[in-house]
Amino acid sequence: MNAYPIDLRSDTVTRPSPGMRAAMAAAEVGDDVDGDDPTVNGLQAHMAERFGFESALFFTSGTQSNLAALMAHCGRGDEYLVGQDAHTYKYEQGGAAVLGSIQPQPLENEPDGGISLERIAKAIKPDDIHFARTRLLALENTIGGRVLPPAYQRDVTEFAHANGLSTHLDGARIFNAIVKLEVGEKTAVAGFDSVSVCLSKGLGAPAGSVLVGPRDFIAQARRWRKALGGGMRQAGVLAAAALYALDHHVQRLADDHANAAYLAAGLNALGLHVEPPQTNILYVDIPAKQVPALTAHLAQRGILATITPRTRLVTHLDLPREKIDTTLQAFREFPDLIP
Ligand SMILES: Cc1ncc(COP(=O)(O)O)c(C=O)c1O
């Protein structure tokens, strides 16, 4: 049992384990802006091979990796199609527009997290002087903990390419989809021209994302990374944590999925409405008038959660089953939870 508090706010809250810290301390390093860091180079080569792409690039964060990808796909006055709920649209401060001069065309997400082909077809602008040039379709997997259906992924990427669009995947949690679907990395990202993969979410590294794609595309992204202030020097200490996570923390994501299902079942048994989780993220409805008192009640028991009327709870590697039991007990002890 680990000593950290019970933190259900996100899977980004995990701390590096002793094994990961030892790997970081032992990392061989060099100046990565000059391409001289052997551990970063090793991580990039590993990720390109693992996901079936020519090249890969290590970034400080998912936000920076996605933004550099959008800027490498699209130029000034181009447009990307993206879900209303997508991280690259909703949660990255509009960086594509602010810093990339790229117009987002947000589209409604379907309940399964995809965007319908009909909606995409209608949104692709004709070649006309009045319109931005529609260049790219950006999707996310997992999205809100949901796994994109593989048949949809095949159809939508084929459709995008047939209509002259490139395809980018925000795969911040692609390993959750891989473990859930029991497929290989290459299958999981089939149809995408580029993929951003986070190491600092469920995999438990302290920082870093890797963008994979064709060689020329990654060369362009490397230029943008420098402009965005993302050129790191002895980044091998972080790449070593990423490599450790890729070796040790992928298959165990199944434990997080099982814990999310267990937590959902326990909350459901208390009479709460819970959306059954597909991976490590679940949503539970909390009566609005109970939000402040429940937040305080959990905090008093050392449980951190962002309680809202639609509360998101996230399981991760610092939350073994006994901490889920403690959480359920705390919910049970809260008076008048059900209106
Ligand atoms: C789906 C998704 N994409 C991208 C990001 C951005 O990652 P970062 O926080 O490393 O910038 C996040 C962060 O939580 C995310 O959930």
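Counting starts at 1 for both ligands and their atoms, following the listed order. Start at 1 with the first residue, then count along the sequence.
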request  = Using the six-membered ring of Tyr283, assess whether NZ or CZ of Arg312 lies under 6.0 Å from its centre and within 45 degrees of the ring axis.
outcome  = no
ask   = Of the backbone atoms (N, CA, C, O) and the side-chain heavy atoms from C-beta on, which set of Thr63 has a member under 4.0 Å from an atom of ligand 1: side chain, backbone, both, or neither?
value = both
query = Is there any N or O on Arg173 that sits under 3.5 Å from an N or O of ligand 1?
reply = yes
inquiry  = Taking the six-membered ring for Trp, are Phe192 and Phe217 closer than 6.0 Å centroid to centroid?
reply    = no
request  = Output yes when the distance from some N or O of ligand 1 to some N or O of Gly62 is under 3.5 Å, and no in every other case.
outcome  = yes
query = Would you say the side chains of His316 and Asn259 form a donor-acceptor pair under 3.5 Å?
reply = no
query = Just distances here: any N/O of Thr12 and N/O of ligand 1 closer than 3.5 Å?
reply = no
ask   = Who's the nearest protein heavy-atom neighbour of atom 1 (C) of ligand 1, and how far?
value = Glu140 OE2, 3.1 Å
request  = Indicate whether any N or O donor in one side chain lies under 3.5 Å from an N or O acceptor in the other, for His257 and Thr279.
outcome  = no
ask   = Can you list the steps and then say if Glu92 with His87 is a side chain to side chain donor-acceptor pair (under 3.5 Å)?
value = CA-CA 6 Å; Glu92 296 178 10; His87 207 277; 2.6 Å; yes
query = Does Tyr262 belong to the same Ile/Leu/Val/Met/Phe/Trp/Tyr cluster as Val179, with side-chain heavy atoms less than 4.5 Å apart forming each link?
reply = no
ask   = Is it true that Gln64 lies under 4.0 Å from ligand 1, counting heavy atoms only?
value = no
task = Return the residue, atom name and 0.1 Å-rounded distance of the protein heavy atom closest to atom 13 (C) of ligand 1.
result = Lys201 CE, 3.1 Å
